[in-house]
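The next block holds one structure in the form of structure tokens; read it before the comments.
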There are 2 protein chains.
Amino acid sequence: MFVSTTINGIDAKGRVSVPADFRATVTGQGFAGVYVWRSPFGDYLEGGGLRLLEDLHDAIEDLDPFDPARAAHERVIFGGAKALMFDSTGRVTLPKDLMAHAGLDKQAVFIGMGQRFEIWDPKSHAETEEEALRLARENRGALKSRRRREREAQS
Amino acid sequence: MFVSTTINGIDAKGRVSVPADFRATVTGQGFAGVYVWRSPFGDYLEGGGLRLLEDLHDAIEDLDPFDPARAAHERVIFGGAKALMFDSTGRVTLPKDLMAHAGLDKQAVFIGMGQRFEIWDPKSHAETEEEALRLARENRGALKSRRRREREAQS
DNA sequence: TGATTTCCCATGGTATCCCATAGTTAACAG
DNA sequence: CTGTTAACTATGGGATACCATGGGAAATCA
């Protein structure tokens, strides 16, 4: 599971250290690296390990072959995703097009999101953080406890 | 389940012993440590074991994938949480930013809250305790007995 | 050949591991 | 009942390993 927020530097070659605990969660999934793609929802990147890609693949397989959403997902995720391998010290090099999409320059903010993570530029992240906190507080009631979910699932 | 209140010391390296009975409840959940994050509601920390995080994850999975509130919850909960592993003697090191949020210095108050716990600075905890006692007295009626809950669920 | 990219080694700082001590509770035999 | 041993909890400090980062050499591509 990906948790916590880390901010790491991007050097002149476009290399950035993937946080050690992120590396630990993808290690043993069969690919020593991460998959990263442009978020369809904003100027940031989304990423995960091999297992996430497989899960997404299965989820898309469940969609109707002629559902336009299916083609869109396939295009964005599988077409746009890059496999970034760790070097011997746990860094990856971010391709220029991905950096451009997220407005990345000198630093990258890694945000753990459970089974996936996001990469932001510090500036745009700071702008969105407050908004996220407000939304989370206002919609706290939407999160149901396990007991409540199970009770409602029965009916 | 996390119960009772314990006060432990924080050493110069930011290490603090997690109360033994807290350790006992998270042991066997698959992660030998606790997850801790800033409370959105005050100057203290909240924490729990792997099971709590998984429950929250499931609750979020229940939300619409395109609901902005869903991403907000993921960012606040998973992005804000830190995974703190026990050392061989059952301590964790509190990151500086978490200590700053809760105003922690030399001591930490661990408060069991059922399926989660809180970490307070002794000073701010004392100030809030009296207030909590008063609130609990006033809202006594909200706690329903098991019989009453089952009776109401039938109808 | 020039420009990238990939691999490899070096370094400073931090965090983790490991050992040691003291106090408390539990167990236990006399 | 009582004194002793044994286990565990909380705490302190030193050594070690790891992390993030920088730069250079070899390999690859246009």
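The shown structure was predicted, so the numbers you read here are calculated from the model rather than taken from an experiment. Protein chains get the first letters and strands the later ones, always in sequence-line order, with residue 1 at the start of each.
- Following rounding to the nearest Å, A/Phe22 (CZ) and D/dA20 (P) show an atom-to-atom distance of 11 Å.
- In this structure, A/Lys13 atom NZ and D/dA27 atom P are separated by 15 Å, rounded to whole Å.
- The nucleotide whose nearest atom lies closest to any side-chain atom of A/Arg23 is, among D/dC19, C/dC18, D/dA25, D/dC19.
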Would you be so kind as to tabulate the donor-acceptor pairs closer than 3.5 Å made by side chains of residues 16-24 of chain A, with sequence neighbours excluded?
from, atom 1, to, atom 2, distance (Å)
A/Arg23, NH1, A/Val18, O, 2.7
A/Arg23, NH1, A/Gly90, O, 3.4

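- Of the listed nucleotides (D/dG12, C/dC8, D/dG24), C/dC8 has the atom at the smallest distance from the side chain of A/Ser88.
- The two residues B/Gly14 and B/Met99 have their closest heavy-atom pair at CA-SD, 4.4 Å.
- Considering B/Ile119, B/Asp43, B/Leu98 as possible partners of B/Leu104, the one that fulfils the side chain to side chain contact (heavy atoms under 4.5 Å, CB included) test is B/Ile119.
- Taking atom CG of residue A/Asp87 and atom C1' of nucleotide D/dA25, one finds them 15 Å apart after rounding to whole Å.
- When the P atom of C/dC17 is taken as reference, atom CG of B/Leu84 falls 13 Å away, rounded to whole Å.
- Set against D/dT11, C/dC17, D/dT9, the side chain of B/Asn8 has D/dT11 as its closest nucleotide.
- B/Phe117 and B/Phe110 have tilted rings, their planes meeting at an angle from 30° to 60° on a 0 to 90° scale.
- Both B/Leu45 and B/Phe2 are members of a single hydrophobic cluster when ILVMFWY side chains are connected at heavy-atom separations under 4.5 Å.
- Ring geometry for A/Phe78 versus A/His57: interplanar angle over 60°, hence perpendicular rather than tilted (30 to 60°).
- When distances are taken from the side chain of B/Ser17 to each of D/dA10, D/dG23, D/dC19, the shortest belongs to D/dA10.
- End-to-end axis angle of the helix from C/dT1-D/dA30 to C/dG30-D/dC1, using five pairs per end and rounding to 10°, comes to 40°.
- Going from atom CD1 of B/Ile7 over to atom C1' of D/dT11 covers 15 Å, rounded to whole Å.
- Between B/Arg51 and B/Glu54, none of the side-chain N atoms (NZ, or NE/NH1/NH2) sits under 4.0 Å from a carboxylate O, so this pair counts as no salt bridge.
- Within the 4.0 angstrom heavy-atom criterion, no nucleotide atom of any strand lies near B/Val16.
- Note: CG (B/Asp21) to P (D/dT9) measures 10 Å, nearest angstrom.
- Residues B/Leu53 and B/Val26 do not share a hydrophobic cluster, clusters being chains of Ile/Leu/Val/Met/Phe/Trp/Tyr side chains in contact below 4.5 Å.
- Sorted by residue number, the members of residues 89-101 of chain A with any non-hydrogen atom under 4.0 Å from DNA chain D read A/Thr89, A/Arg91.
- The CZ atom of A/Phe110 sits 15 Å away from the P atom of D/dC19 (whole-angstrom rounding).
- A continuous path of ILVMFWY side-chain contacts below 4.5 Å connects A/Ile10 to A/Leu84, so both sit in one hydrophobic cluster.
- Following rounding to the nearest Å, B/Arg15 (CZ) and C/dT14 (P) show an atom-to-atom distance of 16 Å.
- Among the heavy atoms of the strands lying under 4.0 Å from B/Asp11 are primed sugar atoms or P, OP1, OP2 only; no base atom is included.
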